[in-house]
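In what follows, every chain begins at residue 1, and chains take the letters A, B, ... in the order their sequences are listed. Just so you know, these numbers use all the heavy atoms, side chains as well, and skip hydrogens, waters and symmetry mates.
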Number of protein chains: 2
Amino acid sequence: MDQAKQTFRLYLQEKGFRKTPERFAIFDEIYASNQHFDVELLYLKMKEKKYRVSRATIYNTMELLLNCNLIRKHQFSRNVTQYEKSFGTSQHDHVVVADSNEVIEFCDPRIESIKKTLEDKHKIKISHHTLYFYAEKSSPTSNT
Amino acid sequence: MDQAKQTFRLYLQEKGFRKTPERFAIFDEIYASNQHFDVELLYLKMKEKKYRVSRATIYNTMELLLNCNLIRKHQFSRNVTQYEKSFGTSQHDHVVVADSNEVIEFCDPRIESIKKTLEDKHKIKISHHTLYFYAEKSSPTSNT
DNA sequence: CTTAGTGCAAAACATTTGCATCGGT
DNA sequence: ACCGATGCAAATGTTTTGCACTAAG
């Protein structure tokens, strides 16, 4: 279960980056939870726990974790970059719900079939995709 | 061919918004071109042509044009919001092909059906989506 | 005449950067 | 001891906001 951290450790090793306590503390904080998060949330959670890291260091570490595929980056809205841990999690897509900070994750096989159709039709090889649905909660109230 | 502008005019009319020259000038600038753009580009292009509008007014107008579906909004990167005109075009998606500056546009009904499934399952109303496939040309000869 | 819309500048905001200090190696 | 990494604060760049003025209705 410590495989993710081991991956991180190896990555730092191989790239010749230093294994600082801050980097592992940030890693631990991220991997201790399953929710999506942004840098500010991480900063506040760590501050709460009296673990002092600067935002600059968090931003730096996010870059490292992205490069070794231990987190995924999302741009749900224009003002905040969100992340999620990604070790051992399967590919999924997202529905961003307005007016509630909710993000629904889903996985639908029809996407794979669309992909196959496109590959055949255009003689291409699709490596990956990004799909976001943007929604709001359907309210029973009417509006003019 | 002036239908898009007519749509805008009607929208303003019905909502009781004023038909200011700035709004139509911005509309014209957008509809005179086919490229994706951001607010700053629009601002500079209009300045170039000696048409003086403030950025604030452009931002305001973008909101109006979005509401009457005359433009679409994209968040390709975290730092700039991009737009494209959208009159009469149905929602289309893109396949970005590497190694050639090619972008394939397509529209697949299965996306609509995925959307419906999600709306029913989560009691939400999906307003729009963004879907990008990233591909490369599959070479017929060399095949690892 | 009324008041929505405008331009301008300042504010807000997330992220980046510069620099002195700290600490992994 | 060296120099990469850190913390802090200032800088950056986009979008929003406040306010006095202009002009659409």
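- Each of dA24(D), dT15(D), dG4(D) was ranked by its minimum atom distance to the side chain of Arg18(A); first place goes to dG4(D).
- Taking atom CD of residue Glu40(B) and atom C1' of nucleotide dG13(D), one finds them 9 Å apart after rounding to whole Å.
- Atom C1' of nucleotide dG24(C) and atom CZ of Arg9(A) are separated by 14 Å, given to the nearest angstrom.
- Between Tyr43(A) atom OH and dT16(C) atom P the separation is 17 Å, expressed in whole Å.
- If you take NZ of Lys15(A) and P of dT25(C), they are 17 Å apart, rounded to a whole angstrom.
- Residue Tyr59(A) has a polar side-chain atom (N or O) positioned under 4.0 Å from OP1 or OP2 of dT15(C).
- Aromatic ring centres of Phe106(B) and His122(A): separated by at least 6.0 Å.
- Listed candidates were dT15(D), dT15(C), dA4(C). Nearest to the side chain of Thr81(B) is dT15(D).
- The aromatic rings of His128(B) and Tyr134(A) sit parallel to each other, their planes meeting at less than 30°, with 60° as the upper class boundary.
- Take the nearest nucleotide of DNA chain D for Pro21(B) and for Gln82(B): the residue whose nucleotide is more 5' is Gln82(B).
- Closest to the side chain of Ser54(B), out of dT15(D), dG7(C), dT25(C), is dG7(C).
- Among dA4(C), dA5(D), dT6(C), the nucleotide with an atom closest to any side-chain atom of Thr20(B) is dT6(C).
- In this structure, Gln75(A) atom CD and dT14(D) atom C1' are separated by 13 Å, rounded to whole Å.
- Along DNA chain C, the nucleotide nearest to Lys19(A) and the one nearest to Glu63(A) differ in position, and the one closer to the 5' end is contacted by Glu63(A).
- Take the nearest nucleotide of DNA chain D for Glu22(B) and for Asn60(A): the residue whose nucleotide is more 5' is Asn60(A).
- A sub-4.0 Å separation between OP1 or OP2 of dT6(C) and a side-chain N or O of Arg23(B) is present.
- Below 30°, between 30° and 60°, or above 60°: for Phe27(A) and Tyr31(A) the angle between ring planes is below 30°, a parallel geometry.
- The side chain of Phe17(A) lies closest to dA5(D), out of dA24(D), dA5(D), dT6(D).
- An OP1 or OP2 oxygen of dG7(C) is reached within less than 4.0 angstrom by a side-chain nitrogen or oxygen of Thr57(B).
- At the phosphate of dT14(D), neither OP1 nor OP2 sits under 4.0 Å from any side-chain N or O atom of Asn79(A).
- Closest to the Ala56(B) side chain, of the nucleotides dT17(D), dG4(D), dT15(C), is dT17(D).
- At whole-Å resolution of the value, CZ in Arg78(A) and C1' in dG13(D) are 15 Å apart.
- Classification of Lys115(A) and Glu112(A) as a salt-bridged pair holds, one side-chain N sitting under 4.0 Å from a carboxylate O.
- Using the six-membered ring where Trp is involved, Phe76(A) and His36(A) have ring planes that are tilted, between 30° and 60° apart.
- Here the side chains of Ile30(A) and Tyr83(A) are not in contact, with every heavy-atom distance at 4.5 Å or above.
- Rounded to whole angstrom, the span from the CZ atom of Phe24(B) across to the P atom of dA24(D) amounts to 12 Å.
- When rounded to the nearest whole Å, the span between CE of Met46(A) and C1' of dT6(D) equals 13 Å.
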